[in-house]
Enquirer: 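My questions will all concern the structure given below.
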Amino acid sequence: MFNKRTKIKRLLEGDKANFETTVMGWVRTFRNNQFIALNDGSTNNNLQVVANLGLLDDATMKRITTGACIKATGEIIESQGKGQRVELKASAIEILGDSDAEKFPLQPKKHSLEFLREIAHLRMRTNTFGAIFRIRHSLAFAVHKFYNDRGFVCMHTPIITGSDAEGAGEMFKVTTLPLDGTAPRNDDDSINYKEDFFGKSTNLTVSGQLEGELAAMSFSDIYTFGPTFRAENSNTTRHLAEFWMIEPEVAFNDLEDNMNLAEDFIKYIIKYAMDNNADDLAFLAQRLEEEEKQKPQNERSEMGLIDKLKFVVDNDFERLTYTEAIEILRESNHNKKKKFQYLIEGWGTDLQSEHERYLVEKHFKKPVILTDYPKEIKSFYMRQNDDGKTVAAMDILAPGIGEIVGGSQREERLDKLLQRMEEMHIPVEEMNFYLDTRRFGSCPHAGFGLGFERLVLFVTGMTNIRDVIPFPRYPKSAAF
RNA sequence: UCCUACUUAGCUCAGUUGGUUAGAGCAUCUGACUGUUAAUCAGAGGGUCGCUGGUUCAAGUCCAGCAGUGGGAGCCA
């Protein structure tokens, strides 16, 4: 069997030595014509493969370049040098794939994240991106584990949707009609989508929530975890055109249950990564620390990455209402000294990023759950509170990231829902499938959406969302 | 989409008030050395200064437009 090999992670973690084994991986560096730092992606740490002088002929030696793929067989021994506990004393080395050193763009040195973004197909071979994507995997696994352990059903909601009224953002159109102007037309010259593949106008989903609610009305506890698409022309460090979202929806939950679920969930998956990706997190923490040293004193963060994660896991999130938040902001010295670009004056407008950052990073210094927003600035499906002014919404704001969760208790009362839909000009006739949940056995329920990449950002300490998804999609960019 | 900064070698960056042949470190190549840790030492090659136009005797440097990238804002997860 060709693939008879041991993963480097196992060899480095094992406490045995003096046994024969085979490894395969990619060369990170080749020092002194003898020492190969080999990485197979199973861990951030390299295995030192020692090719004693005379083992390799000159021609083979020249082919051991940064990026080349090799197979090495030999004995695992205690290292004679410092810097590693064990090493592989090679008895045979085979080149599986050459890598032209003049053309391979990765060097054994620090590269800028901007440069690596241009070679996203190769950046996974760096320590930083290796760590990021192993952590991303752990977090994804922990998402399923968390919900599975609690008896939730994973629902695969559609990616192509015929519903035009999700209202969560600009949509990408899905069509097989020709784009050269020859598409079939209606009498009024609009495109005749009855002739299209699905017989109607379709888009990529911007949220699985509505379908999630349908499923919660039969399984009680469900969650979705899938790709989501927004065609907004957003150019920021925290938006993608294609991102992954987790949307639990739970029958019989009210807003408080919803908050408890979200807080437990976030803490659980962060803890999971801390328990299972200690090496990768330590590497990223160190990377971040070095980056912080470049900053002026007053811009440096108070906690290291690991301490920050531990703090989030060990402490309760701060919970307060929108109205209370407005009071805190209005009374803050920051506001009185007019340091906000948008000064807090009245009740009813949405908070700006600077306000959210002030609450999370300056005032409370921990994740914050804001609840009970004015109904005017929130979606039609959120449950109206008895005060007639607010809805049972909740947003979770995380330090450095901003909004990481948006959710609410849903409006289960048909008449109230219809009234809001009318006020907000939602086309009722297209939403009958959704309204049926309220017509047939409606019940109180609640749910939220968590942007997976924003969570990965938070856990890895990275600052640009384009660096925590393997192949980011954003305006003017769909390479690879 | 708006504001703002940036764009010079494969990478990271210098480049003075506009002035002769545009520099450095790393990487690459050649050689030396051989228990190295982003190895070290010596030498060599490598540039349409983002693109287009303008001002000028002369533009990497000044001006305009366009493009790309970073940061911030909006929209949101």
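Because the structure is a prediction, the values reported are computed rather than measured. Within every chain, numbering begins at 1; the chains are lettered A, B, ... in the order of the sequence lines, protein sequences first and strands thereafter.
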Enquirer: NA contact type, A:Leu455, heavy-atom cut-off 4.0 Å: base, sugar-phosphate, or nothing?
Expert: nothing
Enquirer: Return the value, rounded to whole Å, for the distance between atom OH of A:Tyr342 and atom C1' of B:A73.
Expert: 6 Å
Enquirer: In whole angstrom, give me the gap between the C1' atoms of B:C49 and B:A22.
Expert: 8 Å
Enquirer: Scan residues 73-86 of chain A against RNA chain B and write down, sorted by residue number, each residue with any heavy atom closer than 4.0 Å; if none is found, say none.
Expert: A:Ser79, A:Gln80, A:Gly81, A:Lys82, A:Gln84
Enquirer: Across the strands shown, which category fits A:Glu87 at heavy-atom distances under 4.0 angstrom: base, sugar-phosphate, nothing?
Expert: base
Enquirer: Applying ring-ring contact (aromatic ring centres under 6.0 Å, His included), name anything that partners A:His445, two or more places apart in sequence or on another chain.
Expert: none
Enquirer: Considering only B:A39, B:G35, B:A73, which nucleotide approaches the side chain of A:Gln34 most closely?
Expert: B:G35
Enquirer: Across the strands shown, which category fits A:Gln48 at heavy-atom distances under 4.0 angstrom: base, sugar-phosphate, nothing?
Expert: base
Enquirer: Please confirm whether any donor atom in the side chain of A:Asn235 sits under 3.5 Å from an acceptor in the base of B:U1, or the reverse.
Expert: yes
Enquirer: Tell me whether the side-chain N or O atoms of A:Arg31 pair up with the base of B:A38 as donor and acceptor below 3.5 Å, since no angle test is needed here.
Expert: no
Enquirer: Before giving the answer on ring pair (Phe, Tyr, Trp, His ring centres under 6.0 Å), spell out for A:Phe340 and A:His334 the whole-Å C-alpha distance, their side-chain angles and the decisive distance to 0.1 Å.
Expert: CA-CA 7 Å; A:Phe340 285 128; A:His334 216 75; 4.8 Å; yes
Enquirer: Decide whether a cation-pi geometry holds between A:Lys145 and A:Tyr268; the criteria are a distance under 6.0 Å from NZ or CZ to the six-membered ring centre and an angle within 45° of the ring axis.
Expert: no
Enquirer: Picking from B:G71, B:C76, B:C11, which would you name as closest to the side chain of A:Asn464?
Expert: B:G71
Enquirer: Strictly by salt bridge (Lys or Arg N to Asp or Glu O under 4.0 Å), give each pair with a member in residues 99-108 of chain A just once, sequence neighbours left out.
Expert: A:Asp100-A:Lys103
Enquirer: With a 4.0 Å cut-off, would you call A:Lys378 and A:Asp372 a salt bridge?
Expert: no
Enquirer: Residues in side chain to side chain donor-acceptor pair (under 3.5 Å) with A:Arg125, at least two apart?
Expert: none
Enquirer: Side chain to side chain donor-acceptor pair (under 3.5 Å) with A:Thr60: which residues, sequence neighbours excluded?
Expert: A:Asp57
Enquirer: With sequence neighbours excluded, what pairs up with A:Phe283 under the ring-ring contact (aromatic ring centres under 6.0 Å, His included) test?
Expert: none
Enquirer: Say you pick atom C1' in B:A59 and the same atom in B:G71; how far apart are they, in whole Å?
Expert: 29 Å
Enquirer: For residues 32-43 of chain A, which residue pairs qualify under salt bridge (Lys or Arg N to Asp or Glu O under 4.0 Å), counting only residues two or more places apart or in two chains?
Expert: A:Arg5-A:Asp40
Enquirer: Taking atom P in both B:U36 and B:U21, what distance in whole Å separates the two?
Expert: 48 Å
Enquirer: Side chain of A:Arg117 only, please: which of B:G70, B:C76, B:G71 is the nearest?
Expert: B:G70
Enquirer: Show me the dot-bracket string of RNA chain B, counting Watson-Crick or G-U pairs under 3.5 Å, with | for pairs to another strand and [ ] for crossing ones.
Expert: (((((((..((((.....[...)))).(((((.......))))).....(((((..]....))))))))))))....
Enquirer: Pick base, sugar-phosphate or nothing for A:Ser234, based on heavy-atom distances below 4.0 Å to the nucleic acid.
Expert: base
Enquirer: From the list B:U36, B:U30, B:C75, which nucleotide is the closest neighbour of the side chain of A:His239?
Expert: B:C75
Enquirer: Considering only heavy atoms, which members of residues 363-372 of chain A lie under 4.0 Å from some atom of RNA chain B?
Expert: none
Enquirer: From C-beta outward on A:Gln107, which listed nucleotide comes closest to its side chain: B:A77, B:C11, B:G74?
Expert: B:C11
Enquirer: Taking only heavy atoms on the protein side, list every residue of residues 108-116 of chain A lying under 4.0 Å from any atom of RNA chain B, sorted numerically.
Expert: A:Pro108, A:Lys109, A:His111, A:Ser112, A:Glu114, A:Phe115
Enquirer: Of the candidate nucleotides B:A73, B:G35, B:A27, which contains the atom at the shortest distance from the side chain of A:Asn52?
Expert: B:G35
Enquirer: Assess A:Arg230 against A:Phe172: is NZ or CZ under 6.0 Å from the centre of the six-membered ring, and within 45 degrees of the ring's axis?
Expert: no
Enquirer: A:Arg466: what forms a side chain to side chain donor-acceptor pair (under 3.5 Å) with it, not counting sequence neighbours?
Expert: none
Enquirer: Is the phosphate of B:G72, meaning OP1 or OP2, less than 4.0 Å from a side-chain N or O of A:Thr237?
Expert: yes
Enquirer: Using a strict threshold of under 4.0 Å (side-chain N to carboxylate O), is an ion pair present between A:Arg357 and A:Glu354?
Expert: no
Enquirer: With sequence neighbours left out, write down each residue that passes ring-ring contact (aromatic ring centres under 6.0 Å, His included) with A:Phe317, or none if nothing qualifies.
Expert: none
